[in-house]
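What follows is a short report on a single structure.
The chains referred to below are lettered A, B, ... by the order of the sequence lines, with proteins before strands, and numbering in each begins at 1.
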Amino acid sequence: MNLYSAGKVAFRSLRANKMRSILTMLGMIIGVAAVIIMVAIGAGANQRISAQIASVGSNLLLVVPGSTTSGGLRSGFGGAPTLTMTDARAIGKELTSVRAASPTMRSSGPVVYGNQNWSTILQGGAPEYLEMREWNVVSGRNFTPQELEAASKVCLLGQTVSDYLFGTEDPVGKIVRIKRSPFTVVGILDRKGQSPQGQDQDDTVFLPITTMQKKLSGSAHMGAVGVIVVQAVDADRVKEAERQVVELLRQRHRIAQGGTDDFSVRNLSEMLALAESATRIMSLLLGGIASVSLLVGGIGIMNIMLVSVTERTREIGIRMAVGARERDILSQFLIEAVILALTGGAVGIVLGAGGAMLTSQLAGWTTVISPAAVFLAFGFSAAVGVFFGFYPARKASRMDPIEALRYE
Amino acid sequence: MGVAAIEVSGLVKTYRLGDVLVEALKGVDLSISAGEFLAVMGPSGSGKSTLMNILGCLDRPTSGKYLLDGEEVGGLSRDGRAILRRSRLGFVFQGFNLLSRLSARENVELPMIYDGTSAADRHERALSALSSVGLADRAHHLPSQLSGGQQQRVAIARAIVNTPALILADEPTGNLDSVTSDEILGIFQRLNDERGITMVLVTHETDIALFAKRVIRFLDGRIVEDRVVENRRRPPAPRENAG
């Protein structure tokens, strides 16, 4: 019996028991749809994490100013201004494994243009900062090292700030007031989206850190900086860079052997890699749970095929009497099981894709339906059909034709 | 008659029913020539159905020899017997045994589905087999739309579609009235006369057995009588639109 006529025979007997076939397929449909949705959600989460990693910039280290002890009270990291501009410059110039370093400083304050005002994050840094964060200037230009040196009153606006203050107007060349001082807008930053912590990274104004120190903060510690952002030469040398930075700063700060660091170095990509592996585990878990329902669907197929084989004992006897071999009967029932599983799988894929899209619409989650997941689900349903259809089909093919013909 | 189509010697078949061993055939010797029309009679449990199952290669003898056209077939594998059944044997059962979801034509095509005959060929041969039993116009009917006699004729068409050497009919008229029975036996006689197909017919009705050329009688797993039919019955003149 060739595949075509076997398929036709199988299809007819499935159609003869329409309701039963549909209910059996429902098990597969739910199973496959669940797998598709879960994998889509997992892949979506992964993609989001990857995008965040890219948005932070690659191979970055953060050097955070450390704690001091004053009057028996130890402040946490960042509590004391222990890092200086010269520290940052030394890290950027002296270390072999470091490509660039930028001192940064953050504060907040209102930015005014005309009759519009917007309170935002003021981010001070060196010109290299943008490059390290892989943050492009979409309009205008970055400020120059000379402007950094001269503490010029220039700034670049994030998209959010630009939108709120200028609307459709082009801000480049305009004067804005930051904490009452006039600043020239020299450029507009590219859209960056949310940070891993969910902050709007575009709600910011970027300006030379020197300007910020001298004109805006009026800080008691002149020359002190917040976080120093360090970029390693490449991904393999992030660890080395971390070690070199620690060594250099201990030397510069004259910390004795065994003394406590007055700074700390944080490896950003490591943190994000951890987050990524956490979501990967989560999506594996989700997929695993969904696979259980696929298994249950398969057992449903086996169940129905067993019933069907018993019901059609006489048919099997007749087919054997007119010359069907074992493999003819086997393939007939196996094909029926595979058709059930594959049809269920195909409908499940469509429903799963729809469900995933609905999820991202309603819940606002990123979902990704990869062709690999679809092919895998389809192949898996075929495998389920073969696996769970085999036992009933073999039972049918091993029947004694005389007994089968006598079956009422 | 010519060469022996079937040569059976010392045929023994024992079944195990629980703890009891039942001897259904206790050493049967039988020779059936090609072109013969044999009726097998006997009370139920006498072993005639067991013999039919072995002759039809649905079952294997416990011991003894079975030569079909000079070839030993008693020891064939399941698949070997299946191939033999579809190429050399035809079956007609008491209960017709048609597949209810298939049309008459598709039922007749069934043996050919398993031997790789092309669809066009299957169509043509099924239709010609159906017309040889007078059912060309019922090809697309389902078994449930046909009378008992018509269903049995579809079964006969299915039995002859692969031009078998031997047709085995197990109580083929058991579910039919006497007029229809006579018609069915008439068809058997015609196939036997015109095509030279060897017929083996199991029946417990004496007047049905009289359509055959030779009658054997079973009792307790042995042949107790073997005689030639003197006054063979012939069916009455065929009616128009029979069925």
Subject >> Which atoms of B/R158 approach chain A - backbone, side chain, both or neither, heavy atom under 4.5 Å >> reply: side chain
Original post:
If you round to the nearest 0.5 Å, how far is CG of B/L58 from CD of A/E403?
Top reply: 11.5 Å
**OP:** Kindly compute the distance separating CD (A/E315) from CG (B/L110), expressed to the nearest 0.5 Å.
**Re:** 8.5 Å
Original post:
Contact part of B/L89 toward chain A, heavy-atom cut-off under 4.5 Å: side chain, backbone, both or neither?
Top reply: neither
Original post:
Once you round to the nearest 0.5 Å, how far does CD1 of A/I329 lie from OH of B/Y114?
Top reply: 4.5 Å
**OP:** Please indicate whether B/Y15 has more than 12 foreign heavy atoms, meaning atoms of other residues, nucleotides or ligands, lying under 6.0 Å from its OH.
**Re:** yes
**OP:** Measure across B/F93 and A/A321 and return the closest heavy-atom pair with its distance rounded to 0.1 Å.
**Re:** CZ-CB, 4.0 Å
Subject >> Distance in Å, A/D328 CG paired with B/D79 CG, rounded so as to fall on 0.5 Å steps >> reply: 8.0 Å
Original post:
Counting distance only, does the side-chain N/O of B/R101 pair as donor-acceptor with the main-chain N or O of A/S13 below 3.5 Å?
Top reply: no
**OP:** Look only at the side chain of B/R78 and the backbone of A/E326, and say whether a donor-acceptor pair between them is shorter than 3.5 Å.
**Re:** no
Subject >> Test item: A/K8 and B/I113 side chains (from C-beta on) under 4.5 Å apart, heavy atoms >> reply: no
**OP:** Working to the nearest 0.5 Å, report the span between CG of B/N107 and CD1 of A/I318.
**Re:** 7.5 Å
**OP:** Using a strict 4.0 Å threshold on nitrogen-to-oxygen distance, state whether B/E106 and A/R12 make a salt bridge.
**Re:** yes
Subject >> Over all atoms of both residues, closest heavy-atom pair of B/A82 and A/A324 >> reply: CB-O, 3.6 Å
Subject >> Rounded distance (nearest 0.5 Å) linking atom CG of A/L405 with atom CG of B/N97 >> reply: 5.5 Å
Subject >> Which atoms of A/R406 approach chain B - backbone, side chain, both or neither, heavy atom under 4.5 Å >> reply: side chain
Original post:
Counting only heavy atoms not in B/E124, do more than 12 sit closer than 6.0 Å to its CD atom?
Top reply: no
